[in-house]
There are 2 protein chains.
Amino acid sequence: MTSAVLPNASQPLRIGLAGLGTVGASVLKILQRQENALAARCGRAIRVVAVSARDRKRDRGIDLGGFTWFDDPVALAKSAEVDCVVELMGGSDGPAKAAVEAALSAGKHVVTANKALLAAHGVALAELAESNGVALAFEASSAGGIPVVKTLREALAGNNVSRISGILNGTCNYILSRMEQEGLTFEACLADAQRLGYAEADPTFDVEGFDTAHKLAILTSLSFGTKIDAEAIHVEGISAITPLDLRMADELGYRIKLLGVAERTKTGIEQRVHPTMVPKASAIAQVMGVLNAVSIDADAVREITLVGPGAGGDPTASAVVADIADVARGTAGLPFGLPVGRLEEPTRAPMQRHEGGYYVRLAVADRPGAAAAIATRMAEADISLESIVQRRSPEAVNRDPGGRSGAPVPVVLITYATSESAIRAALEKVTADGHVAEPPQVIRIERE
Amino acid sequence: MTSAVLPNASQPLRIGLAGLGTVGASVLKILQRQENALAARCGRAIRVVAVSARDRKRDRGIDLGGFTWFDDPVALAKSAEVDCVVELMGGSDGPAKAAVEAALSAGKHVVTANKALLAAHGVALAELAESNGVALAFEASSAGGIPVVKTLREALAGNNVSRISGILNGTCNYILSRMEQEGLTFEACLADAQRLGYAEADPTFDVEGFDTAHKLAILTSLSFGTKIDAEAIHVEGISAITPLDLRMADELGYRIKLLGVAERTKTGIEQRVHPTMVPKASAIAQVMGVLNAVSIDADAVREITLVGPGAGGDPTASAVVADIADVARGTAGLPFGLPVGRLEEPTRAPMQRHEGGYYVRLAVADRPGAAAAIATRMAEADISLESIVQRRSPEAVNRDPGGRSGAPVPVVLITYATSESAIRAALEKVTADGHVAEPPQVIRIERE
């Protein structure tokens with residue numbers, strides 16, 4: 001009988017690996033270490049036959065002598081000895097894109113960890129894979145070692161997802177965790193993160209939220225069966241968060257996390273990346289340091305949360321190898337779980353229509369009536385306040401016991417659910433009234 | 001070109017559903033609600049053609065008119081109109097086993113949520129599935145809606161798992177959470193759980209740890225590539241846990257959870273189910289109420305934790321439907337991820353060789369020297385104490401301010417890592433010395 005589920009004990013899957021950084025080196029080591037187990041799991045051997053990287057001479061602690069070397073990843077992708085290209089070079093365009101396109105066009109499977117490439121060109125590449133009848137697998141592109149792509153694409157196949165949210169960047173979570181726990185500034189924690197190798201020399205991509213946005217774009221598509229729409233994402237980073245914000249959050253029962261959130265709202269699909277106040281008792285608030293976490297709300301399963309390492313050589317390689325194993329077993333399926341022709345054009349929910357609670361911190365001139373005037377502006381905009389905290393620091397009271405100097409003091413407002421447009425309009429008026437000494441700090445609150 | 005990854009737009013997958021309880025009814029509803037999406041995802045329609053249950057007349061809120069009715073699930077399993085049998089009857093033997101065996105023998109795929117069946121006969125059934133070239137899928141058997149089976153079998157294919165632990169029974173977690181948060185007794189919380197439908201009329205199976213043990217047996221096999229060995233599991237339930245234990249845990253920085261734990265130790269594979277003190281700050285300690293959670297330690301991914309609903313109609317049905325979708329797509333793979341011939345015979349690590357920290361609560365006659373004598377017995381057994389707490393309650397002090405009555409007072413010891421045999425031997429001596437008024441309460445501690 002022909003087996004419907006057993007892999008054929010057929011030819012080895014021949015891998016061409018493009019990119020030999022930390023993740024690439026880990027992939028090679030895991031494929032060697034797990035050679036027998038993987039062959040048993042997949043019903044066939046997995047064999048790396050070719051590699052490509054920028055620098056042939058760099059010592060990676062691995063003997064590359066047994067592999068055909070390619071200076072050009074596109075030539076590797078086209079090589080007749082390769083069945084499956086593993087792309088670990090990175091970058092949304094350039095050699096990575098050229099190599100992936102060449103591989104798919106030549107009828108070769110592709111496994112990639114490249115979130116920038118997917119966010120920019122994921123749908124076109126999925127179409128190319130589909131028309132060539134090959135796999136395009138990208139578990140490692142989102143949340144590193146956490147199997148969120150497989151979970152969305154396969155484990156939740158019977159669900160309608162209504163919301164996905166997560167901590168998708170370990171660098172930002174590390175910085176916010178240290179700022180909170182040690183009362184340090186953003187700059188000090190960033191410097192430490194750079195020293196420890198958790199942040200790049202140019203940290204913009206991580207700390208300004210763009211890395212999170214790329215991952216979110218991919219997860220949104222998998223969650224809602226829509227085409228990737230990375231440009232629709234509202235993106236704010238964490239560089240403006242201050243120790244005072246973290247202290248106020250703590251006092252009010254919250255922590256601050258950089259979240260990526262995508263949800264179906266009545267106006268369409270809302271995608272946003274921004275610092276977020278989450279209740280201290282929530283599952284997401286417990287995720288500290290470089291860990292990532294993803295929570296998915298769906299109609300049948302209700303809510304599941306996956307927590308694990310979102311970066312690092314071995315955890316990312318774990319996801320890459322899982323994809324390779326799926327390709328070897330012939331079970332990789334369609335890139336987004338659906339034929340590209342079935343992916344819907346997403347309706348964008350404009351950020352102005354976002355509804356939720358807000359934390360607003362104002363530097364208010366310490367004059368009688370300032371707080372009252374601000375509260376009045378909020379009331380005019382139909383914004384209900386859950387709390388208002390005005391507190392001069394002990395140092396400020398020492399300097400000016402009578403409060404006569406008019407030096408700005410922080411006033412923090414917590415609102416009940418309102419709209420982004422209402423809060424923005426109210427704050428424009430507050431600023432125009434001349435009560436505040438610097439632009440308001442606005443942090444959105446997620447209460448569930 | 002023949003596609004290596006696209007499902008064939010072929011015949012519908014014809015489902016025969018045996019068991020129409022809460023989960024079965026949810027499965028039917030989800031398959032109806034998601035009919036189009038599932039067909040797109042799987043490349044073919046999924047069609048329920050036959051059903052079987054004990055009572056044909058019961059109102060399940062679903063029109064069964066379109067399905068062929070079978071009084072006998074074995075007849076359904078053998079029916080020529082069925083390609084895939086979904087077994088939701090439960091029970092380790094009897095009709096469930098007969099129907100699953102009949103289906104597999106007849107070359108039909110099987111999807112089941114039946115943990116008792118898998119724990120008792122999983123390997124034999126996997127062998128039957130393998131030799132008939134059909135799928136045996138059981139995501140719903142362990143931790144309900146949490147995709148832990150798929151994660152172990154597929155997402156961690158490149159990992160060596162060293163440990164898996166989890167909260168696998170929502171009833172127990174609900175009871176322990178309420179006991180802790182409201183200071184109630186086990187009996188009071190159990191009664192509430194029964195009233196709310198979280199516990200059966202006969203709660204033994206849940207509260208004495210047997211349900212957790214069945215699930216653990218399956219997860220151990222998937223984690224370590226070993227044959228299921230449910231009889232090796234050391235099982236203790238939660239019925240002996242008192243409000244005093246939870247109060248002491250809280251004071252000492254712990255929570256008490258019923259954990260299933262399987263790990264590779266130097267003496268073999270240790271499988272155990274027992275109440276466990278976990279640090280309050282740990283991820284597992286945050287999991288309250290009826291939720292389940294599973295943490296997996298593995299060499300490449302390090303640690304991932306999955307949290308979600310472990311029971312309930314819709315969450316369990318979510319897992320059943322995911323398995324059905326895998327069968328429809330032809331990607332279900334081997335039941336345990338490896339050919340049965342490759343599953344190893346597990347070496348059992350005897351519980352006496354277990355090593356870890358212990359919480360020991362003794363009812364000590366309140367006489368001078370009792371605590372010292374106990375501490376001496378511990379020292380003789382080479383057990384180091386991290387802390388020792390002897391505290392009379394305020395009421396006891398009121399009743400007997402001089403402490404002359406000799407009425408027993410609780411003494412709590414927290415040990416550093418020691419062995420089960422050492423702690424048992426020491427406590428036997430303490431008991432023989434006549435210092436304690438009742439059998440010692442012993443709760444293991446997991447510090448990571």
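Remember, it's a predicted structure, so these values are computed and weren't measured experimentally. So you know, we letter chains A, B, ... as the sequences are listed, proteins then strands, and number each from 1.
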Q) Can you tell which of B:Val287, B:Leu156, B:Leu338 has the highest number of heavy-atom pairs within less than 4.5 Å of chain A? A) B:Leu338
Q. Between B:Gly158, B:Pro147, B:Ala281, B:Ala322, which residue shows the highest count of heavy-atom pairs closer than 4.5 Å to chain A?
A. B:Gly158
Q: Find the one option among B:Ala157, B:Ala325, B:Gly145 whose heavy-atom pairs under 4.5 Å with chain A are most numerous.
A: B:Ala157
Q | A:Glu344 CD: over 12 foreign heavy atoms closer than 6.0 Å | A | no
Q. Can you tell me how far the CG atom of B:Asp299 sits from the CZ atom of A:Arg33, to the nearest 0.5 Å?
A. 4.5 Å
Q) How many angstroms lie between CD1 in A:Ile284 and CD in B:Gln286, if you round to the nearest 0.5 Å? A) 12.5 Å
Q | Residue among A:Ser318, A:Ala283, A:Gly225 with most heavy-atom pairs under 4.5 Å to chain B | A | A:Ser318
Q: Please flag which part of A:Ala319 lies under 4.5 Å from any non-hydrogen atom of chain B: side chain, backbone, both or neither.
A: neither
Q. Measuring heavy-atom distances to chain B, does A:Asn292 have an atom under 4.5 Å in its side chain, in its backbone, in both, or in neither?
A. neither
**Q.** Residue, of A:Leu38, A:Asp326, A:Asn159, A:Ile30, that accumulates the most heavy atom pairs under 4.5 Å with chain B
**A.** A:Asn159
Q.
Just checking A:Arg47: does its CZ atom have more than 12 heavy atoms from other residues, nucleotides or ligands closer to it than 6.0 angstrom?
A. no
Q. Can you name the closest pair of heavy atoms from A:Gln34 and B:Asn160 and give their distance?
A. NE2-ND2, 3.3 Å
Q | From B:Arg329 atom CZ to A:Glu154 atom CD, the distance as rounded to the nearest 0.5 Å | A | 4.5 Å
Q) Taking the side chain from A:Arg41 and the backbone from B:Arg153, do they hold a donor-acceptor pair closer than 3.5 Å? A) yes
Exercise answer: donor-acceptor pairs, residues 300-314 of chain B side-chain atoms, under 3.5 Å, sequence neighbours excluded:
{"from": "B:Thr305", "atom 1": "OG1", "to": "B:Ser295", "atom 2": "OG", "distance (Å)": "2.7"}
{"from": "B:Asp314", "atom 1": "OD1", "to": "B:Ser26", "atom 2": "OG", "distance (Å)": "2.6"}

